[in-house]
Amino acid sequence: MRRHELVDELCARGEEGVVEPAYGGDCVTNAAESALALLNPAFERTLPDEAFCGAETDVETVVFVLLDGFGYDEWTRFETRRTLARRFAESGAVRPLTSIYPSETAAAFTSIATGTNPVEHGLLGWFQYLAPIDRDVVTLPFTTLDGTPIDEVDPSLDGTALFDADPLSARAVETDVSFETVLPASIADSPYSRAIFDGARRTGYEERETFATRLRDRVEAASGPTFVFGYEPSIDAVAHEEGLTSRSARQTMADVLTGLQADLVDALSPSAAADTLLVVSADHGLVDTPPAENVDVTEWSHWDTLQGRFRRDAAGGPRRPTGSPRNTHFHVEPEELDAAHAELEDAVDGRVYTCAEAVDSGLFGVGEPTERFERRCGDLVAIHRECGLCWRADDRSNRGMHGGLTRAEMLVPFAVATVDALQN
């Protein structure tokens with residue numbers, strides 16, 4: 001199937017303007033594990049065979065690079081220029097995949113690194129309720145809402161409290177595959193990184209400019225089957241602040257591709273290049289959300305009435321929404337569900353699901369919901385068509401957001417080629 005036909009097929013999965021996750025097929029959940037399966041059959045290759053068509057896959061080393069926020073449409077724009085994206089298009093295989101729902105890093109990264117869907121692993125957003133301490137937390141930084149480290153609140157808790165799945169890295173320990181990671185130094189030893197990359201060697205890098213060099217170091221030092229998972233977050237960070245279509249975001253994309261080409265692809269020794277497969281993908285894309293168009297839910301005329309329908313927190317007050325502005329979970333008392341549902345449908349330009357509707361529709365993936373998922377999923381889940389539903393003042397100022405179901409957020413690239421093919 002030609003790429004544009006697959007894009008059309010993926011975009012036809014939902015109503016106009018909506019792209020639903022392609023769980024079980026062309027979805028990022030399957031990306032890392034399918035690449036790992038090239039090294040050892042203990043892992044399942046669930047991406048279609050066509051995802052690797054045109055690339056030599058009989059290799060000893062696989063480098064899996066996750067570029068946070070680099071959506072498929074942005075990637076294809078760089079294929080028209082003399083960039084690494086163009087080299088992939090000419091000498092390897094490039095395929096669109098969908099992200100998961102929610103199309104945001106906390107959930108999607110966890111799906112990619114475990115090979116499981118949100119309905120299974122239960123990490124559903126940046127803001128999440130953590131039952132052992134009975135409060136909402138900021139998930140990947142592993143802090144309370146006021147910035148206190150969670151392990152200071154409860155020393156018995158570590159990053160495994162965030163998700164309910166076995167990491168691919170821990171499974172690799174039972175095989176002959178060496179699992180290496182290259183992460184920003186600021187998060188390389190975080191509770192989440194230690195948990196999600198259990199059993200892996202974690203290498204930190206200080207500046208974006210050294211990311212590709214650290215990847216090359218791990219490849220050159222490899223002995224036997226080796227999987228190198230690299231993560232680069234700067235595209236996402238700039239796009240949040242300046243907007244996806246800003247000059248600074250586009251320049252960051254160009255700089256990341258240039259660094260990978262110069263300091264990994266072109267600098268790798270010929271022997272290592274011939275035996276290394278490079279895979280580049282993303283966890284999600286972004287959509288521009290002008291701050292003036294983002295919705296402050298606390299300014300709704302019926303907000304006080306709606307809050308009166310919410311479940312209570314430990315202090316007896318109404319539970320805060322969780323998730324994120326493009327993936328907003330409202331926690332509602334059972335007897336108030338119908339009334340709150342009607343009020344949200346009137347207020348939100350987009351979709352509003354009950355938890356049961358979301359599970360039945362496969363929004364969070366196919367499978368039996370875990371207990372952790374059921375504790376965290378909102379009784380109502382609201383997805384604005386284009387903007388953010390904000391309950392914190394800081395979020396309204398973001399010019400780029402993700403988490404929803406637009407094409408820009410949901411389609412990501414999956415690019416594959418041996419490094420020697422990219423050198424030629």
Side-chain angles (χ1 to χ4, degrees), residues 23-24 27-47 59-66 68 100 105-124 128 130 132 139-142 150-151 155-185 187-204 214-215 218-219 221-231 277 279 281 283 364-365 367-373 376:
Y23 296 117
C27 182
V28 291
T29 293
N30 309 317
E33 181 161 11
S34 292
L36 259 168
L38 302 175
L39 299 175
N40 192 288
F43 298 97
E44 189 175 1
R45 184 167 156 180
T46 49
L47 284 182
V59 294
E60 278 284 291
T61 302
V62 174
V63 179
F64 182 88
V65 174
L66 193 67
D68 197 330
I100 60 158
T105 302
F109 196 109
T110 304
S111 285
I112 293 166
T114 63
T116 64
N117 296 321
V119 73
E120 299 167 295
H121 64 64
L123 183 44
L124 308 179
Q128 204 78 90
L130 196 60
T139 53
L140 300 198
F142 207 62
I150 291 171
D151 52 9
S156 71
L157 295 179
D158 59 23
T160 61
L162 295 176
F163 59 91
D164 191 11
D166 293 329
L168 297 175
S169 56
R171 291 166 55 193
V173 172
E174 305 301 320
T175 73
D176 63 346
V177 177
S178 175
F179 199 116
E180 304 269 350
T181 65
V182 177
L183 310 167
I187 65 171
D189 198 40
S190 71
Y192 176 76
S193 293
R194 292 197 301 269
I196 203 68
F197 291 122
D198 181 30
R201 171 174 173 169
R202 302 186 309 278
T203 299
R214 296 287 82 77
L215 290 173
R218 303 297 358 119
V219 174
S223 177
T226 302
F227 187 81
V228 183
F229 190 119
Y231 172 63
L277 187 74
V279 181
S281 192
D283 49 353
F364 293 101
E368 189 68 24
T370 62
E371 181 182 348
R372 188 164 289 176
F373 170 87
R376 292 177 177 170

- Hey, is the main chain of Thr46 close enough, under 3.5 Å, to the side chain of Ser34 for a donor-acceptor pair? yes
- Query: Considering all heavy atoms of both residues, which atom of Ala165 and which atom of Phe163 are nearest to each other, and what is their separation?
  - Reply: O-CE1, 3.4 Å
- Message: If you take the centroid of each ring, where Trp contributes its six-membered ring, are Phe109 and Phe229 closer together than 6.0 Å?
- Response: yes
- Task: Mind checking the CZ-CZ spacing from Arg194 to Phe142? Nearest 0.5 Å is all I need.
- Result: 8.5 Å
- Query: Taking all non-hydrogen atoms of both residues, which atom of Val177 and which atom of Thr175 are closest, and how far apart?
  - Reply: N-OG1, 3.1 Å
- Measure the spacing between CZ of Arg218 and OG1 of Thr203 and express it to the nearest 0.5 Å. 4.5 Å
- Spacing of Thr116 atom OG1 and Leu168 atom CG [to the nearest 0.5 Å]: 8.5 Å
- Atom pair CG/CZ of Leu39 and Phe179 - distance to nearest 0.5 Å: 10.5 Å
- Task: Ignoring hydrogens and angles, tell me if any N or O in the side chain of Asn117 forms a donor-acceptor pair with the backbone of Val119 under 3.5 Å.
- Result: no
- Item | Side-chain donor or acceptor of Arg45 paired with backbone N/O of Ala37 under 3.5 Å | no
- Item | Where Thr226 and Glu180 come nearest, the two heavy atoms and their spacing | CG2-CG, 4.0 Å
- Message: When you measure from the side chain of Thr61 to the backbone of Leu277, do you find a donor-acceptor pair of N or O atoms at a distance under 3.5 Å?
- Response: no
- Message: Taking the side chain as everything from C-beta on, heavy atoms only, tell me whether Tyr192 gets closer than 4.5 Å to Ile187.
- Response: no
- Query: Between Tyr231 and Pro184, is any pair of side-chain heavy atoms under 4.5 Å apart?
  - Reply: yes
- Item | side-chain contact (heavy atoms from CB on, under 4.5 Å) assessment of Leu36 paired with Val62 | CA-CA 7 Å; Leu36 259 168; Val62 174; over 6 Å; no
- Item | From OG (Ser169) to CZ (Arg202), nearest 0.5 Å | 9.5 Å
- Return yes if some donor-acceptor pair links the side-chain N/O of Arg214 with the main-chain N/O of Gly204 below 3.5 Å, else return no. no
- Note on the structure: On a heavy-atom basis, the closest approach of Ala113 and Phe197 is CB-CE2, 4.4 Å
- Min side-chain heavy-atom separation Leu123-Leu140 under 4.5 Å: yes
- Task: Report yes if some heavy atom in the side chain of Ile100 is under 4.5 Å from a heavy atom in the side chain of Val28; otherwise report no.
- Result: yes
- Query: Atom CG of Asp68 and atom CG of Asp283: how far apart are they, to the nearest 0.5 Å?
  - Reply: 4.0 Å
- Polar side-chain atom of Thr370 near backbone of Glu120 as donor-acceptor pair, under 3.5 Å: yes
- Query: Would you say the side chain of His121 lies within less than 4.5 Å of the side chain of Leu162, judging by non-hydrogen atoms?
  - Reply: no
- Item | Min side-chain heavy-atom separation Ser111-Tyr23 under 4.5 Å | no
- Is a side-chain donor or acceptor of Gln128 paired with a backbone partner of Leu124 at a separation under 3.5 angstrom? yes
- Using a 4.5 Å cut-off on heavy atoms from C-beta on, say whether the side chain of Ser193 contacts that of Leu183. yes
- Message: Looking at Ala106, is its backbone amide N or carbonyl O close enough to the side chain of Thr110 to form a donor-acceptor pair, meaning the two atoms are under 3.5 Å apart?
- Response: yes
- Query: Okay, side chain of Glu33, backbone of Phe43: is any donor-acceptor separation there less than 3.5 Å?
  - Reply: no
